[in-house]
Amino acid sequence: MANVVVIGAQWGDEGKGKVVDIYTEFADAVVRYQGGNNAGHTLVVGDEKVILHLIPSGILHEGTRCVIGNGVVLDPEVFIMEITRLKANGYLKDDSALLLSEALHIIMPYHKRIDIAREAKSGAKKIGTTGRGIGPCYEDKTGRRGIRLMDLLNEKTFTRKVKEVLEEKNLILTQLLGDKPFTFQEIYDEYMGYAETLRKYAADTSLLLHKDILAGKSLLFEGAQGTLLDVDHGTYPFVTSSSTCSGGACTGSGVSPREIHEVIGISKAYATRVGSGPFPTELLDEAGEALRQAGREFGSTTGRPRRCGWFDAPVARYAVRVNGLSGIAITKLDVLSGLETVKVCTAYTYQGAVLEEVPASLEIMEQCTPIYQELPGWSEDITGVKTLAELPENARNYVKRIEELSGAPIVLVSVGPRRDETIMLRNPFERA
């Protein structure tokens with residue numbers, strides 16, 4: 001039995017969905033522990049593409065229980081749309097396979113409107129949010145004025161809490177942001193409709209996960225976004241509003257840190273970022289556009305083009321340190337096929353000094369210049385490769401160099417978007 005956390009080791013969009021989908025074969029339950037529908041996982045099963053925003057990727061495996069933990073903020077409309085779409089495609093035949101923590105917070109319509117209006121007023125200083133209401137919902141959670149699932153399922157409590165907060169929200173919308181207000185009745189009518197659908201999924205998921213552990217079952221914890229977007233450890237303020245690092249798996253699910261055995265970080269063979277904020281290895285030339293097109297680097301949630309750059313080893317080392325990574329899964333190695341040379345950032349320079357690690361200061365990081373090591377590329381199509389030994393020599397050397405610079409072993413290499421286009425070097429669920 002092993003319990004494994006999968007996190008993003010860069011700025012998100014690293015391909016966590018595919019890796020979680022693969023690892024789900026060895027897990028009894030998959031737990032999503034933070035974020036909201038600002039995340040998107042694209043999975044390719046056979047010739048079918050499935051995009052999920054809230055529901056854990058493990059839902060594609062019949063017999064695996066999927067849990068959305070207390071650390072997630074949930075948009076009921078999006079959740080119900082995902083359920084409907086999954087059922088239409090032949091998934092989620094048993095509703096008991098999907099559980100919602102009764103303690104998770106609910107995204108309200110005023111959260112979304114405030115999110116969009118703030119970004120519109122920010123101009124050049126905007127964060128680059130998805131406008132899904134994620135940040136404002138976490139603000140209310142921290143401010144102790146949020147509405148949880150258990151509140152939504154209690155009509156009297158829901159009515160009281162919405163009425164208490166709505167006056168303030170309408171003042172913010174009308175007086176500060178120049179937007180229109182909400183009426184209580186329109187919110188009540190919409191959300192009472194959602195409540196009846198959500199009720200059958202609500203549970204004390206922390207207790208159920210504890211019972212699973214006592215029964216010797218294996219749990220897989222699935223994070224959203226990436227390490228450099230963590231609200232505490234990312235490139236603040238250009239971050240998301242939750243704990244994307246491995247520690248968030250415990251606070252966002254109610255499972256003890258003593259029950260976590262492996263932490264696997266997912267990293268692309270290059271780097272991407274969506275939204276504003278520092279990105280030292282960003283390529284603003286034809287090479288960056290070539291990576292974007294070859295890797296189909298457009299957000300699965302927003303469709304926004306992702307900023308692209310070379311692999312950043314200081315970022316990888318940072319992710320290893322703050323997450324306690326026991327292994328790294330490299331994705332999209334196939335995207336680099338056909339390049340004469342590939343580059344790896346080994347360190348930065350700042351005002352004449354060499355920096356081996358990611359600086360804590362955002363201002364310093366914005367002025368860092370990458371130090372590159374150039375390696376020979378490969379021209380072969382590697383999507384059919386099944387073992388590391390079958391990779392072209394230059395591709396093997398590239399993977400080996402990433403491992404050396406990162407400071408954690410490579411445990412998986414993805415050589416294509418499909419589930420079967422994967423080289424597994426070590427299974428984290430098989431404990432020695």
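No hydrogens, no waters, no symmetry mates; every other heavy atom, side chains included, goes into these values. Sequential numbering from 1 along the given sequence is applied to the chain's residues.
Checked by atom type, the side-chain pair Thr244/Gln225 shows no donor-acceptor distance below 3.5 Å. Side-chain atoms of Thr235 and Arg273 form a donor-acceptor pair, as typed in the model, at a separation below 3.5 Å. A side-chain donor-acceptor contact under 3.5 Å links Thr341 and Glu374. Looking at Asp21 and His61, their side chains do bring a donor and an acceptor atom within 3.5 Å of each other. Asp28 and Thr64 are not linked by any side-chain donor-acceptor pair at a separation below 3.5 angstrom, with hydrogens and angles left out of the test. Ser256 and Glu259 share no side-chain donor-acceptor pair at under 3.5 Å. Side-chain atoms of Thr272 and Lys268 form a donor-acceptor pair, as typed in the model, at a separation below 3.5 Å. With no hydrogens or angles considered, a side-chain donor-acceptor pair links Asp140 and His111 at under 3.5 Å. The closest side-chain donor-acceptor pair between Thr346 and Gln373, if any, does not fall under 3.5 angstrom. With 3.5 Å as the limit, one finds a donor-acceptor pair spanning the side chains of Ser414 and Lys18.
Ionic pairing of Glu196 and Arg199 is present here: one or more N-O contacts between side-chain nitrogen and carboxylate oxygen are shorter than 4.0 angstrom. A salt bridge links Lys332 with Glu297: the closest approach of a Lys/Arg side-chain nitrogen to an acidic carboxylate oxygen falls below 4.0 angstrom. For Arg401 and Glu404, the salt-bridge test passes: some basic side-chain N is under 4.0 Å from an acidic carboxylate O. At a threshold of 4.0 Å, the pair Arg118-Glu139 counts as salt-bridged, since one of the basic side-chain nitrogens sits closer than that to a carboxylate oxygen. Electrostatic pairing of Arg160 and Glu164 counts as a salt bridge here, judged by a charged N lying under 4.0 Å from a carboxylate O. At a threshold of 4.0 Å, the pair Arg132-Asp75 does not count as salt-bridged, since none of the basic side-chain nitrogens sits closer than that to a carboxylate oxygen. A salt bridge links Glu262 to Arg426: at least one charged side-chain nitrogen sits closer than 4.0 Å to a carboxylate oxygen.
Here the shortest heavy-atom pairing between Asn70 and Ala103 reads CB-CB, 4.0 Å. Residues Pro109 and Ile187 share a closest heavy-atom pair of CG-CG1, 3.8 Å. Scanning all heavy atoms of the two residues, the minimum distance from Ile59 to Cys66 falls at N-SG, 3.2 Å. When all heavy atoms are compared, the tightest approach of Tyr33 to Val5 is OH-CG1, 4.1 Å.
Using modelled atom types, one side-chain atom of Tyr318 and one backbone atom of His233 make a donor-acceptor pair closer than 3.5 Å. Proximity of a side-chain donor or acceptor of Tyr398 to a complementary backbone N or O of Ala269 within less than 3.5 Å is detected. Of the possible polar contacts, one joining the Glu14 side chain to the Gly12 backbone as a donor-acceptor pair under 3.5 Å is found.
For the ring-ring contact (aromatic ring centres under 6.0 Å, His included) with Trp11, the qualifying choice from Phe279, Tyr270, Phe238 is Phe279, the only one to do so. When the options Ile423, Thr422, Asp334, Val413 are evaluated for a side-chain contact (heavy atoms from CB on, under 4.5 Å) with Val385, the one that passes is Ile423. Tested against Lys169 for a side-chain contact (heavy atoms from CB on, under 4.5 Å), the candidates Met108, Arg145, Arg113 yield a single pass: Arg145.
For the side chain to side chain donor-acceptor pair (under 3.5 Å) condition, the pairs that include at least one residue of residues 204-218, sequence neighbours left out, are Arg65-Asp212.
For Tyr201 and Phe79, the gap between ring centers is short of 6.0 Å.
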Given the rule in the ring-ring contact (aromatic ring centres under 6.0 Å, His included) test, do Tyr191 and Tyr194 qualify, once you have shown the distances and angles that lead to the verdict?
-> CA-CA 5 Å; Tyr191 276 68; Tyr194 296 147; 5.1 Å; yes
